[in-house]
Protein chains: 2
Amino acid sequence: MSDLLERLRGRGWRLTAQRRVVAEVLDGDHVHYTADEVHARAAERLPEISRATVYNTLGELVSLGEVIEVSTDGRAKRYDPNAHHDHQHLVCSRCGTIRDVHLQGDPLSALPEPERYGFQVSEVTVTYRGICPTCSADS
Amino acid sequence: MSDLLERLRGRGWRLTAQRRVVAEVLDGDHVHYTADEVHARAAERLPEISRATVYNTLGELVSLGEVIEVSTDGRAKRYDPNAHHDHQHLVCSRCGTIRDVHLQGDPLSALPEPERYGFQVSEVTVTYRGICPTCSADS
DNA sequence: GTTATTGCAAAAACTTTGCATAATA
DNA sequence: TATTATGCAAAGTTTTTGCAATAAC
């Protein structure tokens, strides 16, 4: 059922109720939550789960490369569990909602209608990520 | 000298010492600062400038469309004054530094050597921005 | 002189940390 | 049982807000 949990188990991740619930909240979702939203959803199933644990768990999932931290121009970071699938993001400039889109072809041409999910798309940005010369010198 | 200031004056922007200094710090720079860094650099020239004013001014420049708010997976947002020039971003995953790159051709192919500025580039992401159905219904 | 902007200080929003307790393997 | 994760509460960052004082037009 859960791709994510299965992979984590395989990697010797210590499985606790809290971690399972966090993983289940994230697993496979194509609309991404902030840490606080993950906490709220996790707490529906496990009321005593603490914010600190949610933050810890999310941080670990990110280090393990199972989840991607996405931050937009909104306030809080959001967590994307689809690290292993190639995809792009569709971000709402007003409320910060993020959802995944999959596309083929030139990214700079218009997003195909079926991949717009009702958004009025106004902008495309391309970002390259890596290590800057200063940081690679320090290491 | 300052493209940005000239445009703002033309748009009837009330020009104060604080605003001028903030605009001068940003103007044309291709390495982008956080609000706090902008404040520090502005304070070198105008020691009494407050953080609140810097935040206000940056927020306004963003609403005017003169500056773009860029947030990465680091903590604080950064401000990009090159809103009128087509460009992409090169982000350091370790320290959060952002610099502009200009490229022609397919964005998903490797970034040309002269546009790498010494970075070890490991990832490219494409993001679409717009208004989601919920937000456009509310408006 | 009017009106919009500033600075201050306090609070809000988001995230991290230390340490005693508790649960996993 | 040895080890690692949890929860709490406190503190750290980053950003926003209210309002009296101030400066631009």
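Any value given below was found using the heavy atoms of this structure, including those in side chains, with hydrogens, waters and symmetry copies removed. Order of the sequence lines sets the chain letters (A, B, ...), proteins ahead of strands, with each chain counted from 1.
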Colleague: Specify the residue among Ala35(B) and Leu15(B) whose closest nucleotide of DNA chain D lies further upstream toward the 5′ end.
Modeller: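 Comparing both residues, the 5'-ward one is Ala35(B).
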Colleague: Roughly how many Å is it from CG in Leu61(B) to P in dT5(C), rounded to a whole number?
Modeller: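 Rounded to whole Å, this separation is 12 Å.
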Colleague: Please figure out whether Asp36(A) or Ser50(B) has its closest DNA chain C nucleotide nearer the 5' end.
Modeller: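 The residue closer to the strand's 5' end, by nearest nucleotide, is Ser50(B).
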Colleague: With a cut-off of less than 4.0 Å, is there a side-chain N or O of Tyr55(A) near OP1 or OP2 of dT15(C)?
Modeller: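 Yes.
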Colleague: Examine dG7(C): is either OP1 or OP2 under 4.0 Å from a nitrogen or oxygen in the side chain of Thr53(B)? Give yes or no.
Modeller: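 For dG7(C), OP1 or OP2 has a side-chain N or O of Thr53(B) closer than 4.0 Å.
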Colleague: With a 4.0 Å limit, can you tell me whether Arg19(B) has a side-chain N or O closer than that to the phosphate oxygens OP1/OP2 of dT5(C)?
Modeller: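 Yes, because at least one side-chain N or O of Arg19(B) sits under 4.0 Å from OP1 or OP2 of dT5(C).
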Colleague: Would you mind telling me which of dG7(D), dT15(C), dT6(C) lies closest to the side-chain atoms of Thr16(B)?
Modeller: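 Of dG7(D), dT15(C), dT6(C), dT6(C) is nearest to the side chain of Thr16(B).
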Colleague: Between dT15(C), dA9(D), dT16(D), which nucleotide gets closest to the side-chain atoms of Lys77(B)?
Modeller: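 Out of dT15(C), dA9(D), dT16(D), the nucleotide with an atom closest to Lys77(B)'s side chain is dT16(D).
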Colleague: Can you tell me how far NE2 of His89(A) sits from OG1 of Thr125(A), rounded to the nearest 0.5 angstrom?
Modeller: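 If I round to the nearest 0.5 Å, the distance is 11.5 Å.
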Colleague: Rounded to the nearest angstrom, tell me the gap between atom CZ in Arg78(A) and atom P in dT15(C).
Modeller: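 The answer, rounded to whole Å, is 10 Å.
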Colleague: Measure CZ/Arg20(A) against C1'/dA5(D) and give the value in whole Å, please.
Modeller: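 Checked: the CZ to C1' distance equals 14 Å.
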Colleague: Can you check the Gln18(B) CD to dA23(D) P distance for me, whole Å?
Modeller: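 The answer, rounded to whole Å, is 9 Å.
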Colleague: Counting N and O atoms only, with roles assigned by atom type, does the side chain of Arg116(B) sit under 3.5 Å from a partner on the main chain of Leu111(B), one being a donor and the other an acceptor?
Modeller: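 Side chain of Arg116(B) to backbone of Leu111(B), a donor-acceptor pair under 3.5 Å: yes, one is there.
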Colleague: Atom CG of Asn56(A) and atom P of dC14(C): how far apart are they, to the nearest Å?
Modeller: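 Atom CG in Asn56(A) sits about 18 Å away from atom P in dC14(C).
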Colleague: Please state whether the rings of His32(B) and His87(B) are parallel, tilted or perpendicular, taking 30° and 60° as the class boundaries.
Modeller: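 His32(B) vs His87(B) ring planes: tilted.
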Colleague: Taking for each residue the nucleotide of DNA chain D bearing the nearest heavy atom, is the 5' side occupied by Glu60(A) or by Ala52(A)?
Modeller: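 Between the two, 5'-proximity favours Glu60(A).
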Colleague: Ile49(B) has an atom CD1; how far is it from atom P of dT6(C), in whole Å?
Modeller: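 So the two atoms are 8 Å apart, to the nearest Å.
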Colleague: Counting only distance, no hydrogens or angles, is the base of dA24(D) paired donor-acceptor with the side chain of Arg14(B) under 3.5 Å?
Modeller: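 Checked by distance alone, the answer is yes.
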Colleague: Report the distance from atom CZ of Arg51(B) to atom C1' of dT17(D), rounded to the nearest whole Å.
Modeller: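 Taking CZ of Arg51(B) and C1' of dT17(D), I get 16 Å after rounding.
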Colleague: Mark yes or no for whether Ser93(B), through its side chain, and Gly130(A), through its backbone, hold a donor-acceptor pair below 3.5 Å.
Modeller: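 Checked: pair present.
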Colleague: Can you see if the side chain of Thr34(B) gets near the phosphate of dT14(D) - specifically, an N or O under 4.0 Å from OP1 or OP2?
Modeller: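 Result: no.
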Colleague: Report the C-alpha distance between Arg45(A) and Glu24(A) in whole Å, list the side-chain angles of each, state the deciding distance to 0.1 Å, and finish with yes or no for salt bridge (charged side-chain N to carboxylate O under 4.0 Å, His left out).
Modeller: CA-CA 10 Å; Arg45(A) 307 192 190 189; Glu24(A) 283 171 0; 2.5 Å; yes
Colleague: Could you state the atom-to-atom distance from OH of Tyr79(A) to C1' of dC14(C) in whole Å?
Modeller: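 In whole Å, dC14(C) C1' lies 10 Å from Tyr79(A) OH.
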